[in-house]
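Chain A is the first sequence line, chain B the second, and so forth, proteins listed ahead of strands; every chain is numbered from 1.
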There are 2 protein chains.
Amino acid sequence: MDLIEIEKKIAPEIFDILDIRYNILRNIYYNQPIGRRGLSNKINIGERTIRTEVNILKKQGLLNVESVGMYVTEEGKRVIENLEDIIRELRGISELEKRLKRVLNIENIIIVPGNSDKNGLVLKDMGKTTSMYLRKIIQDNFIIGITGGTTMAKIAEEVPANKVADNILVIPARGGLGKDVETQSNSIAAKLAKKLQGSYKLLHVPDNIDRETLEAVLKITDIKEVIELIDKMNILIFGIGRADTMAERRQLPEKQKKRMIEKGAVGEAFGHYFDIEGNDIYESLTVGINLKAYNSIDTIIGVAGGENKSEAIMAVASLRNDITIITDEAAARKIIKIVDKATE
Amino acid sequence: MDLIEIEKKIAPEIFDILDIRYNILRNIYYNQPIGRRGLSNKINIGERTIRTEVNILKKQGLLNVESVGMYVTEEGKRVIENLEDIIRELRGISELEKRLKRVLNIENIIIVPGNSDKNGLVLKDMGKTTSMYLRKIIQDNFIIGITGGTTMAKIAEEVPANKVADNILVIPARGGLGKDVETQSNSIAAKLAKKLQGSYKLLHVPDNIDRETLEAVLKITDIKEVIELIDKMNILIFGIGRADTMAERRQLPEKQKKRMIEKGAVGEAFGHYFDIEGNDIYESLTVGINLKAYNSIDTIIGVAGGENKSEAIMAVASLRNDITIITDEAAARKIIKIVDKATE
DNA sequence: TATTGAGGGTCTATTACTGTCCCCAATGTA
DNA sequence: TACATTGGGGACAGTAATAGACCCTCAATA
């Protein structure tokens, strides 16, 4: 039995303390300089409570309070770094990963502690984790495909800007979606390519267009070229979404959406809608990767977090069992809960 | 930085929690079955507080509450065992030992966490620690001398009853003192000998007798024999006392006592009174080990705990720098405080 | 210069904690 | 058998700690 086990036994409330302090310290670190009130809004803790905690952390020399706001000291920074692993162990993330691997019957799972719905930094962690993983598996002359969404945007952001391999090509795996440039696959692919000091291609095709336009578009040389590259992709990184919210975001006709949901669609990835067993229910009309290509890619990485993504993750995990799923603790626990309930 | 360091930084109040829980759990373990009120008296914590803590420990499965009192479960027992080391590290006992070695300029120090004045179990710990140490250094045909006092009694009590060496002889190092049979050197020597499955000799001479009687007594064959053995002693284990309280206990004339204190006597060991530099101020008239013999013994172990023993320990530590001092945290910290103040 | 966002101070309501006592069950003893 | 002792659980009131709300002043910035 190590210290963590003992403490869990004899003083479980330690975790709550560590949790809240870690959260505060980390949030200050990533937002410094920040004031009490700003922090209070950000992490949903009363201003007064933050003040008490901050006073303790200040007394311990982990942060400095100045007139412009609060800063984390060098020591505080070190504590944060060390706490990352501790929190993982504390929450039993390793065990959780093993259980989830078994439950979903897939080979690779990485879980990040926390709940990305409730804590913005957890999304950041997922991005960081994914980027670390990516850097590890990347090789010379690789073609990397990436989709859109806030999660993918975070990943590109968290990739450290230095070369890890030669002649990397990043392409968007799917046509664009949404108005926000920042979260479109094109901009994300470009950003990622720049970070990796590689090149990139763009896919200027709107999502969910009618069939005629689509066919016309496919004849354009630029587009054609990218489409062909998609089949040669080595790594695909994609976000996993809920079927309902994605249908909403793509402004599918209400009728179509309803029919799809009735057929059991719960998850969405690269424009495809799946039921919980991974059956392809519907595909939105756009250019980009299709299921056949998906199944022939060497390395696929699906990323999503938050309780509400649990079913979507289950759906996608059913497609291929050599996928790498990167998710957060909240989603992981929810999935296990769902499966436990079903097998009761 | 390991977990303990991190926790010390970010959540120092963890220690207080661990401390109180450990204390409660341990006290229940050594006194089980025991009730709330009994425990409350023993460790000086309000009944209600104990109740709250006990409820938590119960919930965690570390103890069971029955109609006859509380019991520690198997798991609780395991937690106690593991916590011992953790508490040591938590309190920085290893560093404290190093500092004390330097400050007292002696070679061997063992410190037990806590304050034996305030917590009865700490005395027990000192006894246990000393007995473990003794068992480690003991060899065949050794002659072990031991003095009287409650601390020595605890040591004999804590020695596990099994043979560690052949032909061990235990002798009292000094004449008897006090009315309580249990804490007299004779009974302690006998007890220790039985535990070690060795033999023992007794020294039936009262402490602090007049010179004439003493000389007469020394001619008795039985006594003579033991006295001679004292010079051949391999290990001496002795308690360290305060000069004033020991003078009191030996019922020295008020005048004599006063003079002694004025001369700077602060510590007492095996009937000798020392000032803080280790100068022999006074020797109570009785048979038993003298300073010359003391200096020629191979292994000497002095044991004492509690803040008020600090000066006495300092005095005795000045005698020989190859002594092994076994003490508690309270005394250790007090000594360092005294020295720090003096060198300011 | 006006405004915004920062920390610090302080009062109050509320919550949690703790000391105290009572009750009853089980156990051991006269 | 009756009684005293010691055990746990329940309940309540007083107190201490905590959290919320609002104020102030100060400094940076537009």
Side-chain angles (χ1 to χ4, degrees), chain A residues 10-73 75-77 118-120, chain B residues 10-73 75-77 118-120:
Chain A
I10 202 168
E13 61 275 42
I14 287 180
F15 297 146
D16 306 329
I17 305 176
L18 284 184
D19 230 52
I20 198 173
R21 301 255 165 96
Y22 176 58
N23 201 224
I24 289 176
L25 202 57
R26 225 159 74 102
N27 269 284
I28 292 174
Y29 181 59
Y30 286 115
N31 296 290
Q32 60 191 14
I34 190 175
R36 287 192 321 241
R37 281 169 275 261
L39 193 58
S40 171
N41 288 329
K42 201 159 204 87
I43 59 180
N44 235 333
I45 297 178
E47 186 199 323
R48 195 54 226 276
T49 310
I50 292 210
R51 217 155 132 185
T52 346
E53 299 297 334
V54 157
N55 277 336
I56 298 171
L57 294 174
K58 187 170 70 179
K59 197 176 162 193
Q60 295 297 112
L62 302 182
L63 54 84
N64 280 327
V65 177
E66 293 175 22
S67 64
V68 289
M70 301 177 282
Y71 288 93
V72 170
T73 63
E75 183 130 32
K77 212 167 142 186
K118 291 186 181 162
N119 187 338
Chain B
I10 202 168
E13 59 281 37
I14 287 180
F15 297 144
D16 306 330
I17 305 176
L18 285 184
D19 230 53
I20 197 172
R21 302 255 165 96
Y22 175 58
N23 202 225
I24 289 176
L25 201 58
R26 224 159 74 103
N27 269 284
I28 292 173
Y29 180 60
Y30 286 116
N31 297 290
Q32 60 189 15
I34 189 175
R36 287 192 321 241
R37 282 169 276 260
L39 193 59
S40 171
N41 288 328
K42 200 159 205 89
I43 59 179
N44 236 333
I45 297 179
E47 185 200 323
R48 195 51 228 276
T49 310
I50 291 209
R51 218 155 131 187
T52 340
E53 300 297 334
V54 157
N55 277 335
I56 298 171
L57 294 174
K58 188 169 71 179
K59 197 176 162 193
Q60 295 296 114
L62 302 182
L63 55 83
N64 281 326
V65 176
E66 292 177 22
S67 62
V68 289
M70 301 178 282
Y71 288 94
V72 170
T73 63
E75 183 130 32
K77 213 167 142 186
K118 290 186 182 165
N119 187 338

Minimum-distance nucleotide (side-chain atoms of B/Arg48 versus D/dG9, D/dA19, C/dT18):
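Shortest atom-to-atom distance from the side chain points to C/dT18.
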What's the closest nucleotide to the side chain of B/Thr52 if the choices are C/dT27, C/dG7, C/dT18?
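It is C/dT18.
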In this structure, how many angstroms lie between the [atom2] atom of [N] and the [atom1] atom of [X], rounded?
X: B/Arg36; N: C/dC24; atom1: CZ; atom2: C1'; result: 13 Å
X: A/Ile45; N: D/dA21; atom1: CD1; atom2: C1'; result: 18 Å
X: B/Ile50; N: C/dT20; atom1: CD1; atom2: P; result: 14 Å
X: B/Ile56; N: C/dA16; atom1: CD1; atom2: P; result: 14 Å
X: A/Met70; N: C/dA6; atom1: CE; atom2: C1'; result: 10 Å
X: B/Glu53; N: C/dT18; atom1: CD; atom2: P; result: 8 Å
X: B/Asn31; N: D/dT6; atom1: CG; atom2: P; result: 15 Å
X: B/Asn44; N: C/dG19; atom1: CG; atom2: P; result: 11 Å

Taking the nucleotide of DNA chain C with the closest heavy atom to each, which residue, B/Thr49 or B/Arg37, is nearer the 5' end?
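By nearest-heavy-atom nucleotide position, the 5'-most residue is B/Thr49.
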OG1-OH distance between B/Thr73 and B/Tyr29, expressed to the nearest 0.5 angstrom
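Going from the OG1 atom of B/Thr73 to the OH atom of B/Tyr29 covers 11.0 Å.
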Measuring from atom CG of B/Asn41 to atom CZ of B/Arg37, what distance do you get when rounded to the nearest 0.5 angstrom?
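Nearest 0.5 Å value for the CG-CZ distance: 10.0 Å.
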Determine whether a donor-acceptor pair (one donor, one acceptor, N or O, separation below 3.5 Å) exists between the side chain of A/Arg51 and the base of D/dG20.
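Answer is no: no donor-acceptor pair is held.
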Which residue is it: A/Asn31, A/Ile24, A/Asn64, A/Leu39? I am looking for the one with a side chain to side chain contact (heavy atoms under 4.5 Å, CB included) to A/Met70.
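Considering A/Asn31, A/Ile24, A/Asn64, A/Leu39, a side chain to side chain contact (heavy atoms under 4.5 Å, CB included) with A/Met70 is found only for A/Leu39.
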Mind checking whether A/Ile43 and A/Ile50 have side chains closer than 4.5 Å, heavy atoms only?
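They are in side-chain contact.
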